[in-house]
Q: 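This is the structure I have questions about; it appears just below.
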Amino acid sequence: MSSPPSNRPRWSGLSTRAIHLNYDPASEQGALTPPVFMTSTYAFETAEDGAALFRGEKEGYVYGRTKNPTQALLEARLADLEGAEAGLAVASGMAAISATLWTLLSAGDLVVIDHTLYGNSYALFTRGLTRFGIRVEVADFTDLDDIARALALRPALIHFETPANPNLRIVDIAAVSALAHAAGALVMVDNTFATPVLQRPIEHGADLVVHSATKFLGGHGDLIAGVLVGPKAILDRVRAHGLRYLTGATVAPLTAFLLLRGLKTLELRVERHSASAAAIAELLAAHPAVRRVGYPGLADSPGHAIAKRQMSGFGGLVSCELEGGLEAGVRFMNRLVLATRAVSLGDAETLVQHPASMTHAAYSAEERARHGIGDGLIRLSIGLENLPDIREDILQALDAVTVKRTGPARPSP
Ligand code: 4LM
């Protein structure tokens with residue numbers, strides 16, 4: 001694949017860079033769309049060349065488990081969008097997190113995590129790493145005193161999500177990063193819910209950013225992939241160890257191509273997801289059947305002031321608890337017609353799921369209760385359908401579960 005065309009300016013617009021960065025059609029016979037390199041291995045000109053590539057004395061492609069030109073273009077664009085030095089694309093979000101942890105941590109090290117994470121991320125830390133002698137401390141990252149307590153234990157790394165899955169809690173990236181750096185810890189942030197369109201954690205002091213690219217980055221519910229971006233020295237190590245032999249979790253060239261395509265419309269899509277989600281959050285907050293709404297864009301939500309500082313919009317996810325609790329929540333989900341009952345998020349389709357029994361089932365019931373993931377919590381990923389249709393679907397399902405008032409009917413005027 002071509003190197004950055006030297007005669008082009010460095011565009012400032014996020015979509016412009018997502019569409020054009022590091023590719024010049026002239027270098028590929030005029031092809032508008034970058035070719036997909038469907039190859040597993042690469043020819044060495046001479047045996048000596050091959051040996052030099054293996055020793056790392058020569059730059060180039062060797063074998064598709066660690067690098068492919070389609071993947072390299074994707075990685076350059078992802079790093080650029082997040083304001084990072086380097087990027088790495090892998091087979092899933094879980095692969096991005098695990099390849100990083102297996103590379104950076106050793107037995108005896110301590111990691112501090114926020115208590116509200118995607119269920120399998122939480123399981124990887126608390127049930128997976130701990131089997132190999134890595135210690136894990138859970139803290140409340142919205143409470144700086146609790147973080148200070150955990151940082152006094154001298155972790156090698158801290159990890160959190162903001163907005164967090166599933167309840168959209170907001171963590172102050174700048175404040176937490178400053179405390180962690182003072183304690184000598186690396187800061188890793190899962191930016192899946194916000195995407196670089198709305199939030200770039202490295203600008204606020206984070207060292208490493210991971211994504212489930214399965215979600216908004218891909219955007220069409222047709223791929224599984226993950227991303228890590230950060231300093232080149234760390235990314236080189238994760239590629240050479242975490243990807244090459246600790247996980248072998250390579251992204252397929254065709255998946256890298258679909259992600260490059262997804263990035264071209266990322267900004268457009270995220271803006272639409274966010275605008276519709278904000279409207280749905282308002283609608284839910286005003287509805288008598290709804291007890292609580294989780295959406296950082298609501299002026300009275302606990303993380304609103306921090307979210308306004310570190311995000312340029314509030315994203316496409318909304319959570320809520322109904323007055324009738326779990327039972328009403330299940331009836332509400334089953335009544336939806338347009339919205340699809342499914343896990344995952346960031347797709348064109350509006351999706352609805354029940355975290356306690358689905359994405360966060362890896363937490364014990366006691367952990368969920370302690371960590372603010374209520375049994376009645378419902379998570380909506382607001383899609384790209386027209387807002388009046390999404391609205392109508394949600395309203396009809398809410399009306400079906402609204403407890404009808406008993407007593408005499410109001411006299412007609
Ligand atoms: C879901 N989430 O919530 P892969 N980080 C975050 C996530 O939400 C996820 C991953 C990592 C959901 C999947 C079913 C914040 C996943 C893991 O699924 O391995 O690409 O990403 O619905």
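Every number for a ligand or one of its atoms is a count from 1 in the order of the listing.
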Q: Any atoms of ligand 1 less than 4.0 Å from a non-hydrogen atom of L345? List them with their elements.
A: 1 (C), 3 (O)
Q: Take atom CZ of R244 as the centre, draw a 6.0 Å sphere, and report whether it contains more than 12 heavy atoms from other residues, nucleotides or ligands.
A: no
Q: What class does the angle between the rings of F160 and F141 fall in, given that below 30° is parallel, 30 to 60° is tilted and above 60° is perpendicular?
A: tilted
Q: For atom 8 (O) of ligand 1, what is the nearest protein heavy atom, given as residue, atom name and distance?
A: N165 ND2, 2.9 Å
Q: For the 3.5 Å polar cut-off, considering only N or O atoms, please tell me whether G93 and ligand 1 meet it.
A: yes
Q: Taking the six-membered ring for Trp, are F54 and F44 parallel (under 30°), tilted (30 to 60°) or perpendicular (over 60°)?
A: perpendicular
Q: If you measure from each heavy atom of R379 to ligand 1, is any distance below 4.0 Å?
A: yes
Q: Is the closest heavy atom of A225 to ligand 1 under 4.0 Å?
A: yes
Q: How close does the nearest protein non-hydrogen atom get to atom 19 (O) of ligand 1, and which residue and atom is it?
A: M94 N, 2.9 Å
Q: Could you find the nearest protein heavy atom to atom 17 (C) of ligand 1 and give me its residue, atom name and distance?
A: Y118 CE2, 3.5 Å
Q: Which atoms of ligand 1 are found less than 4.0 Å from any heavy atom of T359?
A: 1 (C), 3 (O), 22 (O)
Q: Determine whether more than 12 heavy atoms belonging to other residues, nucleotides or ligands lie under 6.0 Å from atom CD of E57.
A: yes
Q: Among protein heavy atoms, which lies nearest atom 14 (C) of ligand 1, and at what distance?
A: V343 CG2, 3.6 Å
Q: Please confirm whether E161 comes within less than 3.5 Å of ligand 1 when only nitrogen or oxygen atoms on both sides are compared.
A: no
Q: For side-chain contact (heavy atoms from CB on, under 4.5 Å), just list the numbers for I224 and T255, CA-CA rounded to whole Å, side-chain angles, deciding distance to a tenth of an Å, and then say yes or no.
A: CA-CA 8 Å; I224 302 274; T255 302; over 6 Å; no
Q: Taking atom CD of E85 as the centre, report whether more than 12 heavy atoms of other residues, nucleotides or ligands fall under 6.0 Å from it.
A: yes
Q: Using a strict cut-off of 4.0 Å, indicate which atoms of ligand 1 neighbour a heavy atom of T214.
A: 4 (P), 20 (O)
Q: Which is it for S381 and D347 under the side-chain contact (heavy atoms from CB on, under 4.5 Å) test, yes or no, and what are the steps along the way?
A: CA-CA 8 Å; S381 172; D347 293 334; over 6 Å; no
Q: Is there a heavy atom of S344 sitting under 4.0 angstrom from any atom of ligand 1?
A: yes
Q: Number the atoms of ligand 1 from 1 as they appear, then name those within less than 4.0 Å of a heavy atom of K215, with their elements.
A: 2 (N), 9 (C), 12 (C), 13 (C), 16 (C), 18 (O), 21 (O)
Q: Run the ring pair (Phe, Tyr, Trp, His ring centres under 6.0 Å) check on Y63 and Y42 step by step: do they pass?
A: CA-CA 6 Å; Y63 184 61; Y42 298 83; 8.5 Å; no
Q: When you look at CD of E385, are more than 12 heavy atoms from neighbouring residues, nucleotides or ligands closer to it than 6.0 Å?
A: yes
Q: Which residue and non-hydrogen atom of the protein lie closest to atom 6 (C) of ligand 1, and at what distance in Å?
A: D190 OD2, 3.4 Å
Q: Going by the angle between their ring planes, with limits at 30° and 60°, are F314 and H304 parallel, tilted or perpendicular?
A: tilted
Q: Could you tell me if any non-hydrogen atom of H211 lies under 4.0 Å from any atom of ligand 1?
A: no
